[in-house]
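Throughout, residue positions are numbered sequentially from 1 according to the sequence presented. As the structure lists them, so they are numbered: ligands from 1, and atoms in each ligand from 1.
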Amino acid sequence: MNKFHILTLFPDMVMNGLNTSIIGRAMEAGYLDIQAVNIRDYSTNKHMKVDDYPYGGGAGLVMQPEPIYSAYQDITKNMPRKPRVIYMTPQGCVFHQNMAKELAKEEELIFLCGHYEGVDERVLEEIVTDYVSIGDYVLTGGELPAMVMIDAISRFVPGVLNNDESAGDESFENGLLEYPQYTRPPKFLEKEVPEVLLSGHHENIRKWRQEQSIQRTKERRPDLWEEYQKNTGEQSEK
Ligand code: 6GU
């Protein structure tokens, strides 16, 4: 069982998103424990204020350090070991599948979601262990990125996926994009399902899928194909 704590000003957004589908089912079944903690609950201001103007001037508001630190201390007070704290920021290193696999080994993780123009640097220095971005674009807050990371990490937690859903052939597992999939009907808009898939010849199917994976990776992700060739010594004959 893996436990995720999310420090956020929008706990409903995060919980409503994650309560659904496979992650929701895994929480219900006890494979995951996901808790959103409302940073505003730790404000000591009479108006429950959590942000203020930036020193030095500039646009927007900055989240103040005290409520975040109090929430962090509350979450970690009975923990024997301090867990990793991931701050969601476009200034972090970019999240990828191997990072998801590694983070799935951690029993507990804390995600800190910022808003406005950012978070006071001093509390980040004090509690954050990892600065992570989900890609080179700017979002309004860290909630969607935290949900993205938790979804990707949870897929590696034992019990979360059943056998049919389980990781293996999918994109990135072998450094290539996944091959195309087909189901009934056998003919749709005059398009037939590739014959080899109906043949029952497992070795031919395996070869066909491998070729399709390679073709697709070359076309859509030349950067991944480059990397794949370096790692496997595969020659570019196609
Ligand atoms: Cl982690 N946060 C925000 N606010 N924007 C982002 C991001 C994170 N990753 C990409 N854009």
Side-chain angles (χ1 to χ4, degrees), residues 2-21 23 32 34-43 49-69 71-72 75-76 82-106 108-157 171-172 177 220-221 223-224 227:
N2 291 43
K3 190 157 183 182
F4 303 107
H5 308 264
I6 306 146
L7 291 171
T8 171
L9 290 173
F10 302 96
D12 292 344
M13 173 181 177
V14 176
M15 292 314 292
N16 289 339
L18 294 172
N19 271 331
T20 318
S21 187
I23 304 303
L32 300 173
I34 306 178
Q35 304 285 344
V37 175
N38 192 342
I39 294 166
R40 199 173 298 281
D41 291 345
Y42 292 86
S43 171
K49 194 167 70 83
V50 291
D51 49 68
D52 209 332
Y53 297 102
Y55 279 120
L61 296 168
V62 176
M63 288 173 70
Q64 295 173 292
E66 302 100 321
I68 292 171
Y69 191 61
Y72 168 81
I75 290 171
T76 57
K82 295 292 168 243
R84 286 167 79 169
V85 176
I86 300 162
Y87 177 50
M88 307 311 309
T89 171
Q91 298 160 32
C93 57
V94 178
F95 187 52
H96 54 73
Q97 187 76 345
N98 283 340
M99 207 189 292
K101 201 178 283 189
E102 282 307 307
L103 289 171
K105 296 174 187 160
E106 304 282 334
E108 305 216 32
L109 287 171
I110 299 177
F111 294 86
L112 173 58
C113 305
H115 251 267
Y116 315 115
E117 292 309 303
V119 172
D120 187 289
E121 190 69 20
R122 294 165 296 180
V123 72
L124 299 179
E125 286 172 8
E126 192 64 29
I127 70 173
V128 171
T129 59
D130 302 80
Y131 293 82
V132 181
S133 165
I134 62 163
D136 292 341
Y137 40 82
V138 179
L139 301 168
T140 55
E143 282 75 16
L144 286 170
M147 289 159 72
V148 166
M149 283 189 68
I150 288 168
D151 190 289
I153 294 165
S154 295
R155 297 180 66 263
F156 291 107
V157 173
S171 299
F172 304 114
L177 300 183
R220 299 186 187 178
R221 291 293 303 274
D223 57 322
L224 280 186
E227 199 56 29

Nearest neighbour of atom 9 (N) of ligand 1 from the list V94, I134, T89, on a heavy-atom basis: I134

Is the shortest heavy-atom distance from the side chain of Y42 to the side chain of V37 under 4.5 Å? yes

In terms of ring plane angle, is the pair Y131 and Y87 parallel, tilted or perpendicular, where the classes change at 30° and 60°? perpendicular

Looking only at non-hydrogen atoms, which of T140, L139, L144, I86 approaches atom 5 (N) of ligand 1 most closely? L139

Interfacing atoms of ligand 1 (cut-off 4.0 Å, heavy-atom, V132): 1 (Cl)

Are F172 and L224 packed together at the side-chain level, in the sense that at least one heavy-atom pair is separated by less than 4.5 angstrom? yes

Starting from atom 6 (C) of ligand 1, which protein heavy atom do you reach first, and at what distance in Å? Y137 O, 3.6 Å

Using the side-chain contact (heavy atoms from CB on, under 4.5 Å) definition, which of the options E143, M147, M63, M13 pairs with C113? E143

Heavy-atom check, side chain of Q64 versus side chain of D120, under 4.5 Å: no

Note the single closest protein heavy atom to atom 8 (C) of ligand 1, along with its residue, its atom name and the distance in Å. P145 CG, 3.5 Å

Is atom CG of D136 surrounded by more than 12 heavy atoms (other residues, nucleotides or ligands) closer than 6.0 Å? no

What part of S133, side chain, backbone, both or neither, has a heavy atom within less than 4.0 angstrom of ligand 1? both

Selected option - heavy-atom contact closest to atom 10 (C) of ligand 1, from G118, C113, G135, P90: G135

